[in-house]
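To start, the structure under review is shown below, and the notes come after it.
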There are 2 protein chains.
Amino acid sequence: MKKRPTINDIAQQAGVSKRTVSRVINGATNVNAKTRENIQQIIREQGFSPDKKARGLAVRRSYLLGIIYDNPGTFYIDQVQEGVLQVITEKGYELIVHPCRYQDAGFVDNCTGFVHRSNVDGVIVLPPVSESAALADAFNRHGVNYVRMASVALDEPYRMVISDDRHAVADLALYLVAQGHKDIAVISGPNAYSSTTERLEGFCHALHTLGITLSANRIIEGDNTYQSGIACGRALLTQDPIPDAIFANNDDMAIGVIRAAHDLKINVPQSLSVVGFDDNLMAARMLPSLTTIRRPVRDMAASAAQKLIAQIENLPADNIATQLVKAQLIVRESTRKKSDFS
Amino acid sequence: MKKRPTINDIAQQAGVSKRTVSRVINGATNVNAKTRENIQQIIREQGFSPDKKARGLAVRRSYLLGIIYDNPGTFYIDQVQEGVLQVITEKGYELIVHPCRYQDAGFVDNCTGFVHRSNVDGVIVLPPVSESAALADAFNRHGVNYVRMASVALDEPYRMVISDDRHAVADLALYLVAQGHKDIAVISGPNAYSSTTERLEGFCHALHTLGITLSANRIIEGDNTYQSGIACGRALLTQDPIPDAIFANNDDMAIGVIRAAHDLKINVPQSLSVVGFDDNLMAARMLPSLTTIRRPVRDMAASAAQKLIAQIENLPADNIATQLVKAQLIVRESTRKKSDFS
DNA sequence: TTGTAGGCGTTATCAT
DNA sequence: ATGATAACGCCTACAA
């Protein structure tokens, strides 16, 4: 790689000390307007930009941020990356990714290890890893800056960005009932996740206020995978009678349900409505396309990045209020409309 | 964040100079066995690991690698990250991601800018960005280390990892014909991509040797998006007669074709076989699941990482031979089998 | 408003 | 085999 100009080169060319150049770089006010102009000009000409390693060495900062996640689906991650990058690049940070298996034994050590080795200034933790209290504890002990994305307030506001799953599933309940569905089943996620609880409870509660109560055999626990969706779907669809509608805890499982229904020669949506959660890339392209709930992942990620940088730079955290963003119901082909009922 | 021990702390405790500690760290031979033992012991106790910024400053290296790509929607990227990470983390490198729009005007500058700002030691470029000669030129001019992943040899062997698309599509042609398909159409990708040429030519050539020649109206150019798949599919399926089979340049388009067929009440695979390319996450989950071609993306990414590190560290590039990995035909539900013909 | 000196943690040079 | 000492590029006291 070509050698880039250093602050010394600039200083020499400008005929000033590097301290002055440093001042210009960092926007200090106490620099003669003319000298500043001149220096900025030279900086532009030379295409100079301060070396992050060196600056980091001096300032004890790496200008590196990390995102930690376990497989929430590529679609999700890409959106997160986009949202994060947009915010951080203009502030001079770079993004390092750290996938991990948060079920594994050494997972907490793995993550703290990553943070130390890579020397990131802070990390954004995505669900479902974000729900790990153990990890948050470890980070706190080690004084690591972090922001968690989740669907419940698990931590102090300045470390959380929250999506209001509960509200969204209530909308969904309302919609299903309005379309004439009565016998509704749900495939929830792993009990350990608070997102699971939020969605399940939110959904059941909303149904309850609409006069519908789910019997125990209509609620079954999946593990958020496509395979699990098939299995749980089959379990539900071999009951007699079969339910009118199935709400799965995420799109992967919902698509599994559609597959299960197909294998059992059950028509979606004519004989069965299916709803997912996430609005992942597949949702719109599936046949039938999937009715689901979309979280503004990009925006959430962007606020997470902002909060993280605020921590790192000790900024006046005016946006310290818990970020609570609304999720949105997207109606597609996998749910039967009232007008379709016979 | 907690302050980590430095090389000075270790040196002091060991009662030696930091130069000696440095020697131990870097595995220099000329250190007394006993001193080495002792120092290593202390290093372990203290959980010391050298600071990358500082080392990088001294050695002019950041221990950061980048991956550059467009098309964040693909499932491709996640696999690439996995493959790359596995190789690089054990060598002490970290991974930075850089999505970009390679159709945009300033795209080359954007990428070189990224390389300089982030100070990565090298980058892996994914298709289709990897096919940009302009970018490769720029990288060469700037002396940037890079490795390109593509389906043709566009560059010197030590900068390329190649998947043998041509071979794979020949297998596909063979299979389709063997299953009794005669009137075959193809939706190719943008002409500008060499992957497009590889697949189109490879496919047509293979068909030709099997005694089948495609007429011009059976070949149409898409842009590799789902939407384009729908449009091209519709175009093909409103011809009279409609083709037996459609081979789309990638899975996204193939899934668009299935949608188009569905909208036109054409049954897949009974009346139409559809084949994609990539074996993305959707392929197996689609209804019907998609017959497609799978490249060993993870492995390709891993070799790319190895080659990149070899460049950076001036390693004896024994694995300098062009990496040519085979793609593989995956038969699923979207193609009609011979036994199904009436 | 500007400059000098020293330090951040590591490796490289050259002695010893 | 080991150790001073000087880089590496930048920043922050402290002076002038």
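Side-chain N/O atoms of T35(A) include none lying less than 4.0 angstrom from OP1 or OP2 on dT1(C). The shortest distance between the side-chain N/O atoms of S17(B) and the OP1/OP2 oxygens of dT2(D) is not below 4.0 Å. An OP1 or OP2 oxygen of dG9(D) is reached within less than 4.0 angstrom by no side-chain nitrogen or oxygen of R55(A). In terms of phosphate contacts, R19(A) brings no side-chain nitrogen or oxygen within less than 4.0 Å of OP1 or OP2 of dT2(C). An OP1 or OP2 oxygen of dC10(D) is reached within less than 4.0 angstrom by no side-chain nitrogen or oxygen of S22(A). Between N26(B) and dT11(C) there is a side-chain N or O to OP1 or OP2 distance below 4.0 Å. Between N8(A) and dC10(D) there is no side-chain polar atom (N or O) within less than 4.0 angstrom of OP1 or OP2.
Under a 3.5 Å cut-off, the side chain of D121(A) and the backbone N or O of L65(A) do not form any donor-acceptor pair. Panel note: side chain N26(A), backbone A28(A); no donor-acceptor pair is recorded below 3.5 Å.
Using a 4.0 Å heavy-atom criterion, one finds that R60(B) contacts the sugar-phosphate atoms exclusively. Among the atoms of the strands shown, none is found under 4.0 Å from any heavy atom of K53(A). Counting any heavy atom pair closer than 4.0 Å across all strands shown, N32(B) reaches sugar-phosphate atoms only and no base atom.
Taking the nucleotide of DNA chain D with the nearest heavy atom to each of D51(A) and N30(B), the more 5' of the two is matched to N30(B). Comparing V31(A) and L57(B) by the nucleotide of DNA chain C whose heavy atom lies nearest to each, the residue mapping closer to the 5' end is V31(A).
Atom CD1 in I7(A) sits about 13 Å away from atom C1' in dC8(D), given to the nearest Å. As rounded to whole Å, 16 Å separates atom P of dT13(C) from atom NZ of K18(B). dA1(D) atom P lies 17 Å from atom CG of N38(B), rounded to whole Å. Rounded to whole angstrom, the span from the CD1 atom of I43(B) across to the C1' atom of dT10(C) amounts to 13 Å. For the pair Y63(A) OH and dC8(C) P, the computed distance is 18 Å after rounding to whole Å. Atom P of nucleotide dC8(D) and atom CG of D9(A) are separated by 10 Å, given to the nearest angstrom. Following rounding to the nearest Å, I39(B) (CD1) and dA1(D) (C1') show an atom-to-atom distance of 11 Å. A straight line from CD1 of I25(B) to C1' of dA12(C) spans 14 Å, rounded to a whole angstrom.
With hydrogens and angles ignored, no donor-acceptor pair closer than 3.5 Å exists between the side chain of K52(B) and the base of dT10(C). At a cut-off of 3.5 angstrom, counting only N and O atoms as typed in the model, there is no donor on one side facing an acceptor on the other between the side-chain of R23(A) and the base of dT1(C).
Using a cutoff of 4.0 Å between basic side-chain nitrogens and carboxylate oxygens, E94(B) and K52(B) are scored as salt-bridged.
Counting heavy atoms from C-beta outward, S118(A) and L64(A) have side chains that stay 4.5 Å or more apart.
Under a cutoff of 6.0 Å and an axis angle of 45°, R101(B) and F107(B) do not form a cation-pi pair.
In this structure, Q12(B) places its CD atom where only 12 or fewer heavy-atom neighbours from other residues, nucleotides or ligands lie under 6.0 Å away.
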